[in-house]
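Working notes, beginning with the structure itself.
Each chain gets a letter, A, B and so on, in the order the sequences are listed, and its residues count up from 1.
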2 protein chains.
Amino acid sequence: MTTPPHASRPRPPANVPDSVELSRRIRDAGLKATPQRLAIYGALIGTTQHPTIEAIHEVVRPKLPALPLGTVYKTIESLEEAGLVMEVSLPGNAKRYDANVSPHHHLVCTSCDIVLDFRDDALDALRPKVRWNGFRPTHVKVQVHGICSECQRRDSTGSR
Amino acid sequence: MTTPPHASRPRPPANVPDSVELSRRIRDAGLKATPQRLAIYGALIGTTQHPTIEAIHEVVRPKLPALPLGTVYKTIESLEEAGLVMEVSLPGNAKRYDANVSPHHHLVCTSCDIVLDFRDDALDALRPKVRWNGFRPTHVKVQVHGICSECQRRDSTGSR
DNA sequence: CTATCTGCAAAAACTTTGCTTACCC
DNA sequence: GGGTAAGCAAAGTTTTTGCAGATAG
């Protein structure tokens, strides 16, 4: 059966793992669990926003006001190589990142640019069936572009 | 002879529309058909490579050796706004573009990074069925990541 | 003719790099 | 203590901008 979408609007109250759990994951991935990594990885886990490096920097600033932007770049690179974080390919100039590395897809609102995660078993079932031209698929990324419910509501009530 | 059932690799011999046709499309889109636009749009139509701005610049160089990179940026922007060209969201730093604006999807080889276009009616049939959380879909972009047939062949014969 | 587009140069935005010091394990 | 990571600054890459002159329609 199809998994219902879990993306309730502004955002689901993030159930962020505690720092002990974050440290464990980071060490399990073969990395040292530094305060910077904890903060950055924690920030990424605690949002559904697919932020840019800049945005991550902003979010972490209260916790680590002196953190240089360059360190965010290096940290995200490490986390990505370790498989804890994924780059999300979206329109726009700056790269965006996601700490949700389990299989999922994206709803992209072309009106407000928000990106919502969703899972769908029917889509996951697609991969093994794919066999185009000798291409051997490993995973399928689906981006559904359209208008989110919030924008639909605003557009119908707000105007006129 | 008949078309073979499987597309042959490096690329299908591009059937590039002539410049009269290109001019018409550009004017129909409400833009002036300048030599720069003809060259750039033609270059993008004539490749299946999803090139970056830099790559387009290279390709066009023989025809317009003095063309500044900045003009390629501006031209692609115009063509994109006019709906003649689309940005393709792929991993990597520079944006990539596609003159194929008809509905299609992408096979991304994670070994050699080539991006192949493909169409699939089953995928197209997906959109109307999508109805996640009040989101109203307009179109679905699918990226299938995996290993292309060329890399499979190379990996099995080349090694050992 | 004239609104649009090109060429050019500077600047802004984004990302990487090299190296020294700090600190996790 | 040793090796990895952070901090810092400079440079590299990619993209945007503003304006003067050129040109397609």
Collect all protein-nucleotide pairs involving nucleotides 6-9 of chain C in which both atoms are nitrogen or oxygen and the distance is under 3.5 Å.
unit_1	atom_1	unit_2	atom_2	d
C:dT6	OP1	B:T34	OG1	2.8
C:dT6	O3'	B:Q36	NE2	2.9
C:dG7	OP1	B:Q36	NE2	3.2
C:dG7	OP2	B:T71	OG1	3.4
C:dG7	O6	B:K74	NZ	2.3
C:dC8	N4	B:K74	NZ	3.4

Review point. Atom CD1 of B:I56 to atom P of D:dT14: distance rounded to whole Å?
Key: 13 Å

Point to revise | Salt bridge flag under 4.0 Å for residues A:E21 and A:R24 | key: yes

Review point. Does a side-chain N or O from A:Y73 land closer than 4.0 Å to OP1 or OP2 of C:dT15, or not?
Key: yes

Check your understanding: Think A:N93 has a side-chain N or O under 4.0 angstrom from the OP1 or OP2 of D:dT16?
Key -> yes

Exercise for review: Using a strict cut-off of less than 4.0 Å between a Lys/Arg side-chain nitrogen and an Asp/Glu carboxylate oxygen, indicate whether B:D98 and B:R96 qualify as a salt bridge.
Suggested key: no

**Study point:** SB check A:R154 A:E150 (cutoff 4.0 Å)
**Key:** no

Exercise for review: May I have the distance from A:L64 (atom CG) to D:dA6 (atom C1'), rounded to whole angstrom?
Suggested key: 11 Å

Point to revise | Spacing of B:I26 atom CD1 relative to D:dT23 atom C1', expressed in whole Å | key: 15 Å

Revision key, fill the gap. Taken to the nearest 0.5 Å, the spacing of B:I114 CD1 from B:L107 CG works out to 10.0 Å

Exercise for review: Give the rounded distance in Å between these two atoms: CD of B:E80 and P of D:dT15.
Suggested key: 12 Å

**Study point:** Residue mapping more 5' on DNA chain D - nearest nucleotide basis, B:T52 or B:R27
**Key:** B:T52

Grab the N/O contacts between the protein and nucleotides 1-3 of chain D below 3.5 Å, and write none if there aren't any.
unit_1	atom_1	unit_2	atom_2	d
D:dG3	N2	A:K32	NZ	2.7
D:dG3	N3	A:K32	NZ	3.4

Exercise for review: Starting from C1' on C:dT15, measure out to CG on A:L69 and report it in whole angstrom.
Suggested key: 9 Å

Check your understanding: If each of B:A94 and B:A33 is mapped to the nucleotide of DNA chain D with the nearest heavy atom, which maps nearer the 5' terminus, i.e. the 5' end?
Key -> B:A94

Practice item. Go through the steps for B:D117 and B:H106 under the test side-chain hydrogen bond (donor to acceptor under 3.5 Å, both in side chains), then give the verdict. Key: CA-CA 5 Å; B:D117 288 351; B:H106 292 124; 3.2 Å; yes

Check your understanding: Atom CD1 of B:I76 and atom P of D:dT14: how far apart are they, to the nearest Å?
Key -> 16 Å

